[in-house]
Amino acid sequence: MNVGGTSNQPYHDCIRKTLEAVLCLENFPSQLIERHNKPEVEVGVSKELILNPVIISKDKFDRCLIEGSINSVRISVSFKKNDNVEEILSKRFMHFLMQRAEQFIVLRRKPVEGYDISFLVTNFHAEDMFKHKLIDFIIGFIQDIDKDIKDMKMQCSARERASAKKFLGAF
């Protein structure tokens with residue numbers, strides 16, 4: 001497990017504890033259509049099967065929305081972007097990852113409105129995978145995305161410096 005900075009640790013611990021509580025999923029066929037098993041958190045037809053959503057927020061921009069139901073959980077994450085460069089890098093990187101959603105299994109192709117990236121964990125995922133490994137993957141993913149965006153910004157700044165030095169070196 002990748003351990004983030006100490007300032008983010010309580011935020012990640014809170015997400016971890018909430019996921020441990022909400023990932024108690026069971027098989028639940030549709031009440032409307034026979035032999036169908038759709039994620040209730042996505043369909044949202046039966047309000048009695050959906051839990052109250054939980055928003056875990058470190059600040060106004062760094063937040064996580066966890067929506068649970070009887071057979072699925074949707075986790076949506078928004079990352080803090082300090083400037084336009086981080087916003088562009090974040091948008092491009094999230095788009096790159098979401099195009100490859102099948103390889104991540106629990107990653108959604110489209111995030112929930114107002115969030116950067118979303119995961120959907122169904123009862124079938126919970127049956128096939130270890131719960132603690134699934135939680136570790138999501139927490140590690142959140143930590144790594146933040147670190148990767150910062151690294152990309154540093155590389156971009158280094159390239160900008162090198163090109164400016166080369167360009168202005170002629171004068």
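The residues of the chain are indexed from 1 along the displayed sequence.
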Asn123/Phe28 under side chain to side chain contact (heavy atoms under 4.5 Å, CB included): CA gap, chis, key distance, verdict: CA-CA 9 Å; Asn123 60 302; Phe28 193 84; over 6 Å; no

Side chain to side chain contact (heavy atoms under 4.5 Å, CB included) assessment of Lys153 paired with Leu89: CA-CA 8 Å; Lys153 184 178 177 186; Leu89 287 172; 4.0 Å; yes

Met152 vs Glu86, side chain to side chain contact (heavy atoms under 4.5 Å, CB included): CA-CA, chis, key distance, verdict: CA-CA 9 Å; Met152 284 189 283; Glu86 280 188 17; over 6 Å; no

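Proximity of a side-chain donor or acceptor of Asn71 to a complementary backbone N or O of Lys38 within less than 3.5 Å is detected. A donor-acceptor contact shorter than 3.5 Å is absent between the side chain of Thr122 and the backbone of Pro39.
Contact annotation: the side chain of His125 never approaches that of Leu120 to less than 4.5 Å [non-hydrogen atoms, C-beta and beyond]. Using a 4.5 Å heavy-atom threshold, the side chains of Cys64 and Lys58 count as separate. The shortest distance between side-chain heavy atoms of Glu20 and Ile135 falls below 4.5 Å. Contact of the Ile138 side chain with the Val121 side chain is registered, since non-hydrogen atoms from C-beta on lie closer than 4.5 Å. Inter-residue side-chain proximity for Met94 and Ser90 is flagged as met; some heavy-atom pair is nearer than 4.5 Å.
Criterion: ILVMFWY side-chain heavy atoms under 4.5 Å apart, direct or through other members. Under it, Leu65 and Ile117 are not part of a common hydrophobic cluster. Note on Phe104 and Phe119: same hydrophobic cluster, where clusters join Ile, Leu, Val, Met, Phe, Trp and Tyr whose side-chain heavy atoms are under 4.5 Å apart, directly or indirectly. Hydrophobic clustering of Ile, Leu, Val, Met, Phe, Trp and Tyr side chains at less than 4.5 Å, counting indirect connections, unites Phe96 with Val85. In this structure, Met98 is a member of the same hydrophobic cluster as Phe93, with clusters built from ILVMFWY side-chain heavy atoms closer than 4.5 Å. Transitive grouping of hydrophobic side chains (ILVMFWY, heavy atoms separated by less than 4.5 Å) keeps Val22 and Val41 in distinct clusters.
Of all heavy-atom pairs between Gln99 and Glu102, the closest is O-OE1, 4.1 Å. Pairing each heavy atom of Arg109 with each of Ala101, the nearest pair is CG-CB, 4.0 Å. When every heavy atom of Val43 is checked against every heavy atom of Val45, the shortest pair comes out as CG1-CG2, 3.1 Å. Between Ser69 and Glu40, the closest heavy-atom pair is OG-CB, 3.6 Å. The heavy-atom pair separating Ile139 from His12 by the smallest distance is CD1-O, 3.7 Å.
The local environment of CZ in Arg92 is sparse, with at most 12 non-hydrogen atoms from other residues, nucleotides or ligands closer than 6.0 Å. Counting heavy atoms of neighbouring residues, nucleotides and ligands inside a 6.0 Å radius, atom NZ of Lys17 does not exceed 12 of them. The local environment of CD in Glu48 is crowded, with over 12 non-hydrogen atoms from other residues, nucleotides or ligands closer than 6.0 Å.
Note: Phe137 and Phe141 have tilted aromatic rings, judged against thresholds of 30 and 60 degrees for the angle between ring planes.
Taking the ring pair (Phe, Tyr, Trp, His ring centres under 6.0 Å) definition, one finds that Phe124 meets it with nothing, sequence neighbours left out. In this structure Asn52 satisfies the side-chain contact (heavy atoms from CB on, under 4.5 Å) test with no other residue, sequence neighbours excluded.
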Show which side-chain atoms of residues 73-80 pair as donor or acceptor with protein atoms under 3.5 Å away, not counting sequence neighbours.
{"from": "Arg74", "atom 1": "NE", "to": "Glu67", "atom 2": "OE1", "distance (Å)": "2.7"}
{"from": "Arg74", "atom 1": "NH1", "to": "Glu42", "atom 2": "OE2", "distance (Å)": "3.1"}
{"from": "Arg74", "atom 1": "NH2", "to": "Glu67", "atom 2": "OE1", "distance (Å)": "3.1"}
{"from": "Arg74", "atom 1": "NH2", "to": "Glu67", "atom 2": "OE2", "distance (Å)": "3.2"}
{"from": "Ser76", "atom 1": "OG", "to": "Ser118", "atom 2": "OG", "distance (Å)": "2.9"}
{"from": "Ser78", "atom 1": "OG", "to": "Phe61", "atom 2": "O", "distance (Å)": "3.1"}
{"from": "Ser78", "atom 1": "OG", "to": "Arg63", "atom 2": "NH1", "distance (Å)": "3.4"}

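At a threshold of 4.0 Å, the pair Lys91-Asp116 does not count as salt-bridged, since none of the basic side-chain nitrogens sits closer than that to a carboxylate oxygen.
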